[in-house]
Amino acid sequence: MQDTKQRVKLVNLHIIGVQKAGTTALASFLQQHPAVFLVRGKEAHIFDHPDYATHANPLDFAHRQYQRRTQGYGGQPIICDATPITIYDPSFLQNCYQYNPDAKFILMLRDPVERAVSHYKMSKRTGKETRHMLSAFLLEPLRLHLARRKKDWSFNSPLRTQSYLDRGRYGRQLQAMFNIIPASQILIMSQEELQNEHDQSLTKIFRFLDIHRHFIPSETVFAAPFTKRTLGERLARLYAQMYFALAGESPKTWQQVLSKTSTTDE
């Protein structure tokens with residue numbers, strides 16, 4: 001493992017989530033900075049890979065996988081992997097942090113209802129969902145329970161493709177993240193910031209990464225076409241709003257987690 005590690009500069013920036021919150025756009029912007037190298041494919045899916053946990057030497061597995069995904073690396077000080085499922089399960093995050101405890105981590109957040117709807121539409125579009133939105137939301141707890149019972153993290157698992165609402169439970173994900181990673185190595189932003197305050201957002205990120213400012217033009221990356229909301233979608237959105245309200249998920253709740261963390265670090 002040591003020989004492999006010596007041949008590969010460690011990935012030192014992880015965009016860990018959340019899915020459907022602008023991670024692709026952010027990776028695209030950062031890739032345009034001369035100090036940043038983005039791994040091939042953007043999402044390496046190493047620490048959540050089903051083979052990672054069962055490998056005889058997981059860290060060697062990670063180094064070899066990254067070696068294949070960093071061909072063409074030109075000596076940039078920042079090597080970035082943007083795999084947004086990393087935040088979803090604490091074991092993935094622990095694996096990621098263990099690989100390089102000196103890395104920095106960026107987390108993008110989005111309104112959980114909008115995130116869930118976007119996730120559903122992606123799964124529907126790619127053939128990984130056949131039910132209507134409300135039905136899919138209602139069935140989600142059973143689907144995830146069965147997958148977790150079987151410890152199914154395969155790439156077609158409902159835990160990946162049909163975890164529409166569960167991935168919006170940011171409170172527990174934030175808490176797990178701060179239990180694993182020092183707060184000084186984490187930057188949290190919102191999709192809205194990146195969309196509405198492009199230059200300011202990138203300046204904040206460049207400062208966090210300790211790299212020089214570089215002009216990167218604003219653009220829309222993978223924007224979903226506008227579609228009129230059907231009655232089914234409106235009902236599904238109402239259900240999602242009630243789900244998150246009952247779960248106590250709100251910006252106020254997330255801020256409480258952040259406040260406790262900042263107080264602990266002082």
Side-chain angles (χ1 to χ4, degrees), residues 15-29 41-50 81-89 92 107-173 189-192 194-196 219-247 249-250:
I15 301 174
I16 55 176
V18 298
Q19 184 193 45
K20 310 307 295 182
T23 59
T24 296
L26 177 56
S28 175
F29 296 145
K42 178 223 171 198
E43 302 181 22
H45 283 288
I46 290 174
F47 306 106
D48 62 292
H49 196 290
D81 175 6
T83 303
I85 198 173
T86 306
I87 188 65
Y88 184 42
D89 189 273
F92 302 159
L107 176 66
M108 302 288 294
L109 296 180
R110 182 184 184 182
D111 176 90
V113 175
E114 296 301 326
R115 198 223 68 82
V117 171
S118 181
H119 186 175
Y120 166 83
K121 290 182 176 180
M122 179 182 69
S123 290
K124 184 78 169 179
R125 185 173 61 251
T126 56
K128 296 175 181 177
E129 178 59 78
T130 58
R131 293 183 176 272
H132 295 300
M133 191 183 299
L134 179 58
S135 176
F137 286 1
L138 290 168
L139 277 174
E140 179 182 330
L142 177 61
R143 286 169 157 177
L144 300 191
H145 171 73
L146 294 175
R148 284 196 173 99
R149 191 167 67 179
K150 292 187 290 186
K151 298 181 180 179
D152 177 16
W153 279 103
S154 63
F155 285 108
N156 287 318
S157 168
L159 288 165
R160 295 178 185 268
T161 63
Q162 297 167 346
S163 47
Y164 314 116
L165 302 174
D166 198 51
R167 291 210 202 194
R169 300 289 297 272
Y170 299 149
R172 67 189 184 197
Q173 295 176 67
M189 299 189 66
S190 70
Q191 183 193 49
E192 291 74 21
L194 193 61
Q195 285 181 332
N196 302 326
E219 62 177 317
T220 301
V221 180
F222 295 155
F226 173 79
T227 56
K228 186 176 180 180
R229 293 180 186 176
T230 63
L231 175 61
E233 180 176 337
R234 293 199 297 271
L235 291 173
R237 284 174 174 273
L238 285 173
Y239 173 78
Q241 290 168 6
M242 290 188 294
Y243 172 91
F244 290 118
L246 290 172
E249 292 289 347
S250 69

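Taking the ring pair (Phe, Tyr, Trp, His ring centres under 6.0 Å) definition, one finds that H49 meets it with F61, F155, sequence neighbours left out.
Nearest approach of Y164 to H119, heavy atoms of both residues: CD2-CG, 3.6 Å. Contact between Q191 and G22 at its shortest, heavy atoms only, is NE2-N, 3.9 Å. A pairwise comparison of heavy atoms in R115 and G168 identifies NE-N, 4.3 Å as the closest pair. Closest heavy-atom contact between K42 and D81: O-OD1, 3.3 Å. Residue A236 comes nearest to F137 through the heavy atom pair O-CD2, 3.6 Å, listed as atom of the first residue, atom of the second, then distance. The two residues S28 and E219 come nearest to each other via the heavy atoms OG-OE2, 4.0 Å.
Side-chain atoms of E129 do not come within 3.5 Å of backbone N or O of T161 as any donor-acceptor pair. Under a 3.5 Å cut-off, the side chain of Q162 and the backbone N or O of K128 do form a donor-acceptor pair. Not a single donor-acceptor pair under 3.5 Å links the side chain of E249 to the backbone N or O of P112. The backbone N or O of A116 lies less than 3.5 Å from no partner atom in the side chain of R110, so there is not a single donor-acceptor pair.
In this structure, the side chains of H45 and F92 stay at 4.5 Å or more apart for every pair of heavy atoms. Side-chain contact check for L146 versus P158: every heavy-atom pair is 4.5 Å or farther apart. Residues D89 and W153 form a side-chain contact, since some pair of their non-hydrogen atoms from C-beta on lies under 4.5 Å apart. With a 4.5 Å cut-off on side-chain heavy atoms, Y243 and V113 do not count as touching.
Rounded to the nearest 0.5 Å, atoms CG (L107) and CD1 (I16) are 5.0 Å apart. In this structure, the separation between OH on Y120 and CG on L134 is 9.5 Å, given to the nearest 0.5 Å. We find the CD-OG1 distance between Q19 and T24 to be 9.0 Å, quoted to the nearest 0.5 Å.
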Residues F47, T83; criterion side-chain contact (heavy atoms from CB on, under 4.5 Å); working and verdict: CA-CA 9 Å; F47 306 106; T83 303; over 6 Å; no
Step by step, would you call L26 with M189 a side-chain contact (heavy atoms from CB on, under 4.5 Å)? CA-CA 11 Å; L26 177 56; M189 299 189 66; over 6 Å; no
Would you please test K121 and E233 for salt bridge (charged side-chain N to carboxylate O under 4.0 Å, His left out) and show each step? CA-CA 11 Å; K121 290 182 176 180; E233 180 176 337; 3.6 Å; yes
Are S154 and D152 close enough, and set up right, to give a side-chain hydrogen bond (donor to acceptor under 3.5 Å, both in side chains), and what steps lead you there? CA-CA 6 Å; S154 63; D152 177 16; 2.7 Å; yes
M133 vs L235, side-chain contact (heavy atoms from CB on, under 4.5 Å): CA-CA, chis, key distance, verdict: CA-CA 9 Å; M133 191 183 299; L235 291 173; over 6 Å; no
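In this structure, E114 pairs ionically with R237, as a charged nitrogen and a carboxylate oxygen lie closer than 4.0 Å. A salt bridge is defined here as a Lys NZ or Arg NE, NH1 or NH2 lying under 4.0 Å from an Asp or Glu carboxylate O, and R172 with D166 meets this definition.
Other residues, nucleotides and ligands contribute only 12 or fewer heavy atoms inside 6.0 Å of the NE2 atom of H132. Other residues, nucleotides and ligands contribute only 12 or fewer heavy atoms inside 6.0 Å of the CZ atom of R131.
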